[in-house]
Amino acid sequence: EVQLVESGGGLVQPGRSLKLSCAASGFTFSNYYMAWVRQAPKKGLEWVATISTSGSRTYYPDSVKGRFTISRDNAKSSLYLQMNSLKSEDTATYYCARKTAAAHYFDYWGQGVMVTVSS
Amino acid sequence: DIQMTQSPASLSASLGETVSIECLASEGISNDLAWYQQKSGKSPQLLIYAASRLQDGVPSRFSGSGSGTRYSLKISGMQPEDEADYFCQQSYKYPWTFGGGTKLELK
């Protein structure tokens with residue numbers, strides 16, 4: 001059974017940093033692109049970052065480019081999101097998601113971890 | 001960026017009723033579209049991909065159609081467990097973008 005379990009969320013002040021982790025199991029982690037998707041309270045979904053199987057290629061929307069860094073450790077079947085210079089508008093539930101093998105959709109999602117940026 | 005406009009924002013359906021939700025892309029997306037269901041307090045689940053392909057394990061009452069800029073999700077026979085938020089997502093171009101969502105409630 002595919003499982004994605006996020007951790008590392010919490011309350012952080014504006015301008016500070018936070019690192020999220022996602023532990024994957026139930027599939028061959030190194031064979032799949034992985035991603036982070038967020039959802040602000042009572043709002044829609046926003047794609048945040050994607051990383052290739054080897055970690056050599058990463059993709060971000062302009063809203064987080066230069067502030068967030070996605071990375072992975074295939075030996076540990078783990079995905080990470082380093083978030084720097086956090087803003088109040090980064091407040092959201094962050095989901096770790098597996099990208100489908102053949103296309104750019106997300107077929108498995110974690111339960112999500114809440115990040116609150118506030119002073 | 002490609003804007004995805006979903007409609008309606010909310011709707012209410014009776015048991016067994018057929019429901020349609022639409023997604024309009026700001027430019028052609030060549031069927032690179034997915035639909036997700038998100039139940040209250042849960043993470044999203046993939047229902048439909050490539051505009052019309054049913055994800056494994058999803059009930060056959062769900063179907064997707066469309067082309068170019070217009071796409072729709074149909075539920076043929078509303079069930080209590082279908083009460084949820086529904087989102088479309090385009091994967092034609094970066095940044096991948098989602099529609100604003102449709103809240104579906106049982107009448």
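Naming convention: chains lettered A, B, ... in sequence-line order (proteins, then strands); numbering from 1 in each chain. Small disclaimer: the values here were computed from a predicted structure and weren't measured.
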Next on the checklist: Under 4.5 Å from any heavy atom of chain B, what part of A:Thr93 do you find: side chain, backbone, both or neither?
Outcome noted: neither
Checklist entry - Tell me, side chain or backbone of A:Tyr95 under 4.5 Å from chain B's heavy atoms, or both, or neither? => result side chain
Item to check | Co-membership, hydrophobic cluster, residues A:Val48 and A:Val117, 4.5 Å side-chain | outcome: yes
Checklist entry - Would a 4.5 Å heavy-atom cut-off, applied to side chains only, mark B:Pro95 and A:Asp62 as touching? => result no
Next on the checklist: Shorter than 4.5 Å, heavy atoms on both sides: which option in A:Leu45, A:Thr50, A:Thr100 has the most such pairs with chain B?
Outcome noted: A:Leu45
Next on the checklist: Using the rule that Ile, Leu, Val, Met, Phe, Trp and Tyr join whenever any side-chain heavy atoms are under 4.5 Å apart, tell me whether A:Leu18 and A:Val5 fall into a single cluster.
Outcome noted: no
Next on the checklist: Quick check against the 3.5 Å criterion: does B:Tyr36 have a side-chain atom that pairs as donor or acceptor with the backbone of A:Phe106?
Outcome noted: yes
Next on the checklist: Quick check: under 4.5 Å, non-hydrogen atoms only, which of residues 7-28 of chain B neighbour chain A?
Outcome noted: none
Checklist entry - What residues, two or more places apart in sequence or in another chain, satisfy side chain to side chain contact (heavy atoms under 4.5 Å, CB included) together with A:Tyr108? => result A:Val2, A:Leu4, A:Arg98
Checklist outcome for this item: Heaviest contributor of heavy-atom pairs below 4.5 Å to chain B, chosen from A:Gln111, A:Gln39, A:His104, is A:His104
Checklist entry - Could you give the distance from CD (A:Glu6) to OG (B:Ser43), rounded to the nearest 0.5 Å? => result 8.0 Å
Checklist entry - When only heavy atoms count and the cut-off is under 4.5 Å, which of residues 58-93 of chain B reach chain A? => result B:Phe87, B:Gln89, B:Ser91
Checklist entry - Among pairs that include at least one residue of residues 47-89 of chain A, which meet ring-ring contact (aromatic ring centres under 6.0 Å, His included), considering only residues two or more places apart or in two chains? => result A:Trp47-B:Tyr94, A:Trp47-B:Trp96, A:Tyr59-B:Tyr94
Next on the checklist: For residues A:Tyr33 and A:Val37: do they belong to one hydrophobic cluster (side chain heavy atoms under 4.5 Å, members Ile, Leu, Val, Met, Phe, Trp, Tyr)?
Outcome noted: yes
Checklist entry - chain B heavy atoms under 4.5 Å from A:Lys65: which part of the residue, side chain, backbone, both or neither? => result neither
Item to check | 4.5 Å side-chain heavy-atom contact, A:Asp107 and B:Gln55 | outcome: yes
Next on the checklist: Is there a path of hydrophobic side-chain contacts, each under 4.5 Å between heavy atoms, that joins B:Tyr49 and B:Ile29?
Outcome noted: no
Next on the checklist: For A:Glu46, which atoms come within 4.5 Å of any heavy atom of chain B: side chain, backbone, both, or neither?
Outcome noted: backbone
Item to check | Shortest non-hydrogen contact from A:Tyr105 toward B:Ala34 | outcome: CD2-CB, 3.3 Å
Next on the checklist: Taking B:Ile2 as the starting point, is it possible to reach B:Trp35 by hopping between hydrophobic residues whose side chains are less than 4.5 Å apart?
Outcome noted: yes
